[in-house]
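Below is one structure; the comments refer to it alone.
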Amino acid sequence: MRNIFLFIRRYFNFLFFVFLQITALLILFRYNEFHEAVFYEAAHEITGRLGGNYNNITYYFRLKQTNADLAKENEALRNRLAENFEGPDTSQRVYTDTLQIDTTTAVQKYVWRSARVVNNTVSMQNNSLTIERGENQGVRKDMGVVGPAGVVGRVVSTSGNYAVVMSMLNRQFHISSKLKKTGEAFTVHWDGVDPNYVIMNNVPKIIPVAIGDTVVTSHYSSVFPAGIPIGTVAEVIDNKSSNFVSLRLKTATNFYNLEYVAVVENTMREEQKALEDATKINN
Amino acid sequence: MLRSLIRYILFILIQVYLLESIPPLHRFIVPYFYFLYILWLPFNMPRISMMMVSFLFGLTLDYFVHTPGLHAAACTLIGYLRGFLVSVLIPQEGADQNYRSPSFTSMGVAPYATYVIILTLVHNGYLIFLEWLQFGSFWYFLGKVLATSGISLLLILIIELLFARKERFRTNTA
């Protein structure tokens, strides 16, 4: 027993070092379980507030760009108004993008909330951003985040007034998407190389793809509404040994100058998920 | 003490709001200089508190860039290795008693440069190694360590030249 104490005393520095290393690595590799353990929520509030103050200054330098983006988004939205469309004959009707439960009421499936970006990284391998809107304002984990031009990311953790968003430029981010022209759905992810480009893998060669084709979110995503731009095809990477090609997409969103984003809530996600989980258990 | 605290806050803020927000020149180049704080900690600090401060310092940066544990692990490593390096590289017996903290004047130009270069390589190497465990190839790892360390050393050199710390010779009587 005495020897053990002597050993510990002798190598206390080293043991303490090993202890700190293990703590750090556990926090790193067990990211999700340890949020509470390392006061992550309290830290969000502090770093979020600091980021907000800093953003108040840098905001002015980007006002022009932000304004242009918002004007462009408004224009796109105006063009989608139902009043713009007129059926050339009486058999054609225009439907608004809402889910019908019964014939008398239309139910809003997606709720949008705008939020200001207060902290944003693009230089890491796992990038994230902080937005100034949290649980108190209705933001929950796993909601989608959309910028003026297209998809930005997904909420991964929240505190009272702030939320941290895993940006599309993150190794762990995967999104169900489809080619707008032909409608096939594939998964898009980031390869960590260039913040302007994301990758779409395993596209069969029989699908005609041209440079400049638009890729949008698919109907299979339970986080995003369908049809939100993700990017445009910039390069078709041919793999000679297989029947598939990879597409390199120029992201619709410019991650360098994000100022305002919208958090989109799927009000039916819980229901869909509960049903899917229950089915999974039964089988 | 107060100076250390101000430095702590300043280094974190500069790293987060200046260096992290520079659009990346290349995927290999990430400008890191914040760990210079650990290199500048005083000689007479006990090793336990040195490691504790390094850990907290790394964790603070982690909270800002949302990578909990990553920088903390690398900082703890250099906080631990620092003591050994200082005792090997110190030119004459007792220099660590006569000066406050490592610098060109207290350690001499060549030993101090060696000290900074080794710890920079260790810090960046370990940081990028942890990243490499999750993805990437060996060449990616090697290229990124070298490019990032080059930029780090350049930044540290600029800071050392711009903000020369006044190291006074301290006698035993003082």
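Values below: every heavy atom of this structure, side chains too, minus hydrogens, waters and symmetry copies. Labels below follow one simple rule: chain letters A, B, ... track the order of the sequence lines, proteins then strands, and each chain is numbered from 1. Remember, it's a predicted structure, so these values are computed and weren't measured experimentally.
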d(A/Leu25 CG, B/Thr76 OG1) to nearest 0.5 Å is 9.0 Å

Does any heavy atom of chain B fall under 4.5 Å from the side chain of A/Leu50, the backbone, both, or neither of them? both

Roughly how far apart are B/Glu131 CD and A/Arg171 CZ, rounded to 0.5 Å? 8.0 Å

Between CD1 of A/Ile46 and OG1 of B/Thr60, what distance do you get to the nearest 0.5 Å? 10.0 Å

Using heavy-atom distances under 4.5 Å, tell me whether B/Phe55 contacts chain A through its side chain, its backbone, both, or neither. side chain

Considering only heavy atoms, which portion of A/Phe255 lies under 4.5 Å from any heavy atom of chain B: side chain, backbone, both, or neither? neither

For residues A/Thr130 and B/His66, report the shortest heavy-atom separation together with the two atoms involved. OG1-NE2, 3.0 Å

What option among B/Val30, B/Asp62, B/Leu130 has the most heavy-atom pairs under 4.5 Å with chain A? B/Leu130

Got more than 12 heavy atoms from elsewhere within 6.0 Å of CZ, B/Arg3? no

Output for pair (B/Met51 CE, A/Phe19 CZ), nearest 0.5 Å, gives 11.5 Å

Flag side-chain contact, heavy atom, 4.5 Å: A/Phe12 against B/Arg47: no

Using non-hydrogen atoms only, which part of A/Asn13 is less than 4.5 Å away from chain B: side chain, backbone, both, or neither? both

In the structure I gave you, are the side-chain heavy atoms of B/Leu13 and A/Tyr54 within less than 4.5 Å of one another anywhere? no

Using 30° and 60° as the class boundaries, would you call the ring planes of B/Tyr80 and A/Phe17 parallel, tilted or perpendicular? parallel

Nearest non-hydrogen partners of B/Phe64 and A/Asn119, listed with the distance: O-ND2, 3.4 Å

Euclidean distance, B/Leu59 CG relative to A/Ile27 CD1, rounded to 0.5 Å: 5.5 Å

Report the distance from atom CG of B/Leu77 to atom CG of A/Leu20, rounding to the nearest 0.5 Å. 11.5 Å

